[in-house]
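First comes the structure, then the notes that go with it.
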Amino acid sequence: MRTSAFKRARAACAILLLGAPAAAAEFKPESAGTTTIPAGMNRVYVLDPALSHMVDGRIYVLDAADLSLKGMLEAGFAGMMLAAPDKRRIYVATTFYERLTRGKRTDVIQVFDDQTLKVIDEIPIPTGRAQALSYRSLFQRSSDGNLLFIQNATPATSVSVVDAAGKRQLETPTPGCYGIYPAPTKPLRFSTLCGDGTIGTYTVSSNMQSSERKTSAKLFDASADPLFIHAERDQDGYVFLSFKGKLLRASLDGESATVTETLDIIPADAADWAPGGYQPFAVDPKSGMAYILMHPGNRDGAHKNPSAEIWAYDIRGKRLVARSPAANLTSLTLSAVDPALLFGVNAIDSKIERFMIDAGSRQISRAGEIKLGETAALVEAPR
Amino acid sequence: MSDVIINRLMAAFDRAAESAFRRSAQAIGRRSALSTIGKLLVGGAVLPVLPFDRSGGAHAADAPKADVADGNCDYWRYCALDGFLCSCCGGSVSACPPGAEPSKVTWIGTCHNPNDGKDYLVSYNDCCGKTSCGRCLCNGNVGERPGYRMGIHNDINWCMANNQSMYHCTVSVLVGMAEK
């Protein structure tokens, strides 16, 4: 057997050698190249802080059409992400240490081109940046896109205001407050949630030398029913969500914040249900629909628990429209280009999932997934 | 949670830095009566990823008991611990692994010890200056609140005020009794 096999192999080699000159003439050598993200591709960005090796956080860039992986951005240690599709940029505020895990700490905003995924600029920032899980509200920008707002915590809290172009900076102390909610139409203004149940609103001077604070009335109960720091934009304001399932519509454009409406999403026959997760809901500003990650077991300590269902709540009609099974999600976002598409982080199975919303019934069904990353925390679909 | 308790927690938060090295003389039962509800079962596979709070999920009398030694997230002291257990990383329940230093600032949990029926204030010190351990990730959130209540917030690196601020793992140090 071995002998005949050897003979066959030798004959095959001879044929190959005889054919070699002809094959060489036809062979066209390849050259290594680099892909870029197509300008028109709708993207899903997934920030994974890689908790098991935190110096190596990354952002995955997926095609919203089929969740295929198209590229990555480096997010460093406890990085925060902010997509600026109008400028074709992605900002990443993060920390680097001189010797990877030790040595001098340097904090920067890395500015990525959103097609080449290369770092095209870097803005140094103070090292008081909150090295926190990547909640959306910890890194924001002004309504005109010119100022970047970064949450600091040492653990005393403040907000750094950074002029992305001129690189002027201002640090605004925000004692007892956390989360950044830029005013919808006032570029120099942002608000923040405070531990006494008020909302602090800061207006920065146009020369960026100082800021003025106005405190709202007490708008929520930070002890009995705290607000998640994830918030969503409504048509002209913000929507906040409480641990016990209340939606608060807030106006944050004025010198001080007001709550315009409070809606209880939990019906009497589902009193045991509560919202949960790190990015626990998404709002479609056009239709006024809120999509909320819900789980049974409404008790203290369950506010980050993964979902069992996604609830569709009509903010304008003030009613729960649909409940759809959707297990193990801890973060949810709505596509900015297609309000029938949701993307979620399945933290239990380490998957990113794609969901379609039925326009009539608002029932939600899964339409794609990718096994990805380790501890993804934030998902955005901004363009 | 009442504001009275919050104020007590904040006071404990201030004290916690000094208390970081102090191991409690309090006798702690090795066995916790908190039931475990087993591993998260998804599609038949045992997935140890992100073990969210499951303490209220089941209380079957014959459920296996949580043991501090086996890295079980259901051990009562870990009720608000979000991070890697230092006891899985070369340290112990209250001591950092070699080369890592306890954080100067901490968050505080109030955990119920089922063995004596009392509530304890637990200082969760992150251990700092070594690379992330990556073992025994727990995610307890009893009494946890967003960062506007920073002293009881756990989604942030509490090594933030240390000279070397790399996060390694988290210990649970008993720093006081909580009054009901």
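If you're wondering where the values come from, they're calculated on a predicted model, not measured in any experiment. Below, read A as the first sequence line, B as the second, and so on, with proteins coming before strands; counting in each chain starts at 1. The figures that follow rest on heavy atoms only: side chains count, while hydrogens, waters and symmetry mates do not.
For the pair B:Q164 (side chain) and A:G103 (backbone), a donor-acceptor distance under 3.5 Å is present. Between the side chain of B:S132 and the backbone N or O of A:M54, at least one donor-acceptor pair lies under 3.5 Å.
With a 4.5 Å cut-off on side-chain heavy atoms, A:L51 and B:F84 count as touching.
Both the backbone and the side chain of A:A153 come within contact range of chain B, each with at least one heavy atom under 4.5 Å from a heavy atom of that chain. For chain B, no part of A:L138 is nearby; none of its heavy atoms comes within less than 4.5 Å. Both the backbone and the side chain of A:A222 come within less than 4.5 Å of a heavy atom in chain B. Using a 4.5 Å cut-off between heavy atoms, A:R105 touches chain B through its side chain atoms alone. For B:H168, no part lies near chain A; criterion is any non-hydrogen pair under 4.5 Å.
Other residues, nucleotides and ligands contribute only 12 or fewer heavy atoms inside 6.0 Å of the CZ atom of B:R135. Residue A:D225 qualifies as enclosed at atom CG: its count of foreign heavy atoms under 6.0 Å is above 12.
Between A:F243 and B:E144 the shortest heavy-atom distance is CE2-O, 4.1 Å.
Atom-to-atom distance recorded for B:T131:OG1 and A:R102:CZ is 11.5 Å, nearest 0.5 angstrom. Remark: B:R145 CZ to A:D300 CG distance equals 5.0 Å, nearest 0.5 Å. Between atom OH of residue A:Y178 and atom CD1 of residue B:I156 there is a gap of 3.5 Å, rounded to the nearest 0.5 Å. Taken from OG1 in A:T95 to CE in B:M160, the straight-line distance is 12.0 Å, to the nearest 0.5 Å.
Counting only residues at least two apart or in different chains, salt bridge (Lys or Arg N to Asp or Glu O under 4.0 Å) contacts with residues 151-178 of chain B comprise A:K304-B:D155.
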request  = Decide side-chain hydrogen bond (donor to acceptor under 3.5 Å, both in side chains) for B:Y148 and A:T157; before the verdict, give the C-alpha distance in whole Å, the side-chain angles of both, and the deciding distance to 0.1 Å.
outcome  = CA-CA 9 Å; B:Y148 49 75; A:T157 53; over 6 Å; no

request  = Please lay out, stage by stage, how A:S223 and B:R149 fare under the test side chain to side chain contact (heavy atoms under 4.5 Å, CB included).
outcome  = CA-CA 9 Å; A:S223 296; B:R149 288 276 171 89; 3.1 Å; yes

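Here the options are A:I229, A:L227, A:L193, the test is side-chain contact (heavy atoms from CB on, under 4.5 Å), and the partner is B:P146; only A:I229 passes.
The side chain to side chain donor-acceptor pair (under 3.5 Å) search around B:D82 returns none, not counting sequence neighbours.
Considering only heavy-atom pairs separated by less than 4.5 Å from chain B, the leading option among A:A377, A:C194, A:G128 is A:C194.
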